Engineer: 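Input: one structure, supplied below.
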Amino acid sequence: MVFGCVSGRIFTKPSLTSTAFALLRPTLTPLSSSSRFFQVRSMADSSSQFKKIHIQRDDTTFDAYVVGKEDAPGIVVLQEWWGVDFEIKNHALTISQFDTGYKALIPDLYRGKVGLDVAEAQHLMDGLDWQGAVKDIQASVSWLKANGSKKVGVTGFCMGGALSIASSVLSPGVDAAVAFYGVPPTELADPAQTKAPLQAHFGELDNVAGFSDVPTAKKLEEKLKEAGVPHEVHYYPGVTHAFMNRSPDGVERRKKMGMTDDNEAAAELAWTRFRSWMSRYLST
């Protein structure tokens, strides 16, 4: 199948074979000839506020980054297709400071690699073991519950949004989920089988067909009604994909990809709804 956040090409994913997402080409500066080698840089720890930990699952170990209040409810924060970069750390830090505090944990699904341009990000996402990523998320939920968090939620953005929905279907112990502009293919996880309360957010101008556009969001809404779990699906006028990325670098990166909308109010409203949802289901 094809899976991606923004791209003009169709990339197949061998492990999930039957459904395609038709993804739209952003406006990008042409890549240099050296970019065809998809140079991938190792991620540098960006803030002393994050504690780097190691989590074991099955026969593998992966890094994760934790920030926030000890013994607080936990929230697993899932990366976009870029990897564990500055923006997902911004989101995790913001989440950790909401209300009376949360312990936010970012699992490094790319094992230390970060895409610095669209080609690199697409290359990394194409190589992701999606079922393995869900196992990483389950192990992250288990780590938080074993380390002082009585309840744990999962949230994610773009690729991470789709994985947060998948985790609400496949990962025992998830107490609530919030997905931003991403829906998994049914081959990975059928939202009709969602077990955790789920909130989802989409931009009305998002044109990533089959992944985060409005028709896909409407189908998700119908699936959640079928699942019979508490759910909310919110639509934001005048915004496209990745509208939660509000840092100066994040805004500039969106513009280079053709996403020129700039709506701080939409992001603030989405965070308000996020806070209400997580507080409702993670309060002990």
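Fair warning: this is a prediction, and the values are worked out from it, not measured in the lab. Just so you know, residue 1 is the first one in the sequence shown, and it goes up from there.
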Engineer: Does the distance from a Lys or Arg side-chain N to an Asp or Glu carboxylate O, for K113 and D108, drop under 4.0 Å?
Structural biologist: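 A salt bridge is absent here (no side-chain N lies under 4.0 Å from a carboxylate O).
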Engineer: Could you work out, with ring pair (Phe, Tyr, Trp, His ring centres under 6.0 Å) as the rule, every residue matching W143, not counting sequence neighbours?
Structural biologist: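 Ring pair (Phe, Tyr, Trp, His ring centres under 6.0 Å) list for W143, sorted by chain: empty.
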Engineer: Cationic tip of K151 within the cone over Y281's six-membered ring, i.e. under 6.0 Å and within 45° of the normal?
Structural biologist: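 Here K151 fails the 6.0 Å and 45° test against Y281.
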Engineer: With sequence neighbours excluded, give me every salt bridge (Lys or Arg N to Asp or Glu O under 4.0 Å) pair touching residues 201-217.
Structural biologist: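 For residues 201-217, and leaving out neighbouring residues, there are no salt bridge (Lys or Arg N to Asp or Glu O under 4.0 Å) pairs at all.
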Engineer: Does this structure show an ion pair linking K255 with E252, if we count only N-O contacts that are shorter than 4.0 Å?
Structural biologist: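 Here K255 does not pair with E252 in a salt bridge, since their nearest N and O are not under 4.0 Å apart.
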Engineer: Parallel, tilted or perpendicular for F211 and H241, by the 30°/60° rule?
Structural biologist: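 Ring orientation of F211 relative to H241: tilted.
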Engineer: Please lay out, stage by stage, how D261 and R254 fare under the test salt bridge (charged side-chain N to carboxylate O under 4.0 Å, His left out).
Structural biologist: CA-CA 9 Å; D261 55 290; R254 290 182 77 247; 3.2 Å; yes
Engineer: Using distance only, find each side-chain donor-acceptor pair of residues 191-199 under 3.5 Å and give its atom names and separation, not counting sequence neighbours.
Structural biologist:
residue : atom : partner : partner atom : Å
T194    : OG1  : P191    : O            : 2.6
K195    : NZ   : V169    : O            : 2.8
K195    : NZ   : Q193    : O            : 3.4
Q199    : OE1  : H201    : NE2          : 2.8
Q199    : NE2  : E232    : OE1          : 2.9
Q199    : NE2  : R273    : O            : 3.2

Engineer: May I have all residue pairs that pass side-chain hydrogen bond (donor to acceptor under 3.5 Å, both in side chains) and include part of residues 154-182, sequence neighbours excluded?
Structural biologist: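 Every pair satisfying side-chain hydrogen bond (donor to acceptor under 3.5 Å, both in side chains) with a residue in residues 154-182: K145-D175.
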Engineer: With clusters defined by side-chain heavy atoms of hydrophobic residues (ILVMFWY) lying less than 4.5 Å apart, directly or transitively, does V251 cluster with V239?
Structural biologist: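 Result: no, two separate clusters.
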Engineer: Salt bridge check, R246 against D262: does any charged N sit closer than 4.0 Å to a carboxylate O?
Structural biologist: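 A salt bridge is present here (some side-chain N lies under 4.0 Å from a carboxylate O).
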Engineer: With a 3.5 Å distance limit and no angle check, can you tell me whether Q131 reaches the backbone of A133 through a side-chain donor-acceptor pair?
Structural biologist: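 Answer holds: no.
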Engineer: Please lay out, stage by stage, how E70 and N147 fare under the test side-chain hydrogen bond (donor to acceptor under 3.5 Å, both in side chains).
Structural biologist: CA-CA 8 Å; E70 289 298 323; N147 286 273; over 6 Å; no
Engineer: Given the rule in the ring-ring contact (aromatic ring centres under 6.0 Å, His included) test, do F243 and Y236 qualify, once you have shown the distances and angles that lead to the verdict?
Structural biologist: CA-CA 9 Å; F243 66 89; Y236 298 82; 5.1 Å; yes
Engineer: Check side chain to side chain contact (heavy atoms under 4.5 Å, CB included) between T94 and all other residues, then give those that pass, not counting sequence neighbours.
Structural biologist: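 Checked T94 against side chain to side chain contact (heavy atoms under 4.5 Å, CB included); matches are F98, W271.
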Engineer: Using the rule that Ile, Leu, Val, Met, Phe, Trp and Tyr join whenever any side-chain heavy atoms are under 4.5 Å apart, tell me whether V76 and I55 fall into a single cluster.
Structural biologist: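 Yes, it is one cluster - the side chains of V76 and I55 are joined through contacts under 4.5 Å.
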Engineer: Quick one: are F157 and V178 in side-chain contact, heavy atoms under 4.5 Å?
Structural biologist: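 They are not in contact (no side-chain heavy atoms under 4.5 Å apart), so the answer is no.
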Engineer: Any heavy-atom pair between the side chains of R57 and F62 that's under 4.5 Å?
Structural biologist: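 Yes, their side chains come closer than 4.5 Å.
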Engineer: Identify, with sequence neighbours excluded, every residue that meets side chain to side chain contact (heavy atoms under 4.5 Å, CB included) alongside K218.
Structural biologist: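 K218 satisfies side chain to side chain contact (heavy atoms under 4.5 Å, CB included) with V214, E221, Y235 once adjacent residues are dropped.
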Engineer: So, is the end of the K69 side chain (NZ or CZ) under 6.0 Å from the ring centre of Y102 and within 45° of the ring's axis?
Structural biologist: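 No, cation not above the ring by the 6.0 Å, 45° rule.
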Engineer: Between the main-chain N or O of A265 and the side-chain N or O of N263, is there a donor-acceptor pair closer than 3.5 Å?
Structural biologist: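 Pair found, side chain donor or acceptor close to backbone of A265.
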Engineer: For residues L269 and I95: do they belong to one hydrophobic cluster (side chain heavy atoms under 4.5 Å, members Ile, Leu, Val, Met, Phe, Trp, Tyr)?
Structural biologist: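 Yes, L269 connects to I95 through the hydrophobic network.
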Engineer: Just wondering, do L282 and V152 contact through their side chains at under 4.5 Å, heavy atoms?
Structural biologist: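 They are not in contact (no side-chain heavy atoms under 4.5 Å apart), so the answer is no.
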Engineer: Look at the side-chain heavy atoms of Ile, Leu, Val, Met, Phe, Trp and Tyr, link any pair under 4.5 Å apart, and say whether L128 and V134 land in one connected group.
Structural biologist: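 Yes; tracing contacts between hydrophobic side chains, which count when under 4.5 Å, links both residues.
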Engineer: Using side-chain hydrogen bond (donor to acceptor under 3.5 Å, both in side chains), reason through Q138 and S142 one step at a time and then give a plain yes or no.
Structural biologist: CA-CA 6 Å; Q138 175 60 54; S142 298; 3.2 Å; yes
Engineer: Quick check: do S247 and E87 have side-chain heavy atoms less than 4.5 Å from each other?
Structural biologist: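 A side-chain contact exists here, since the closest heavy-atom pair is under 4.5 Å.
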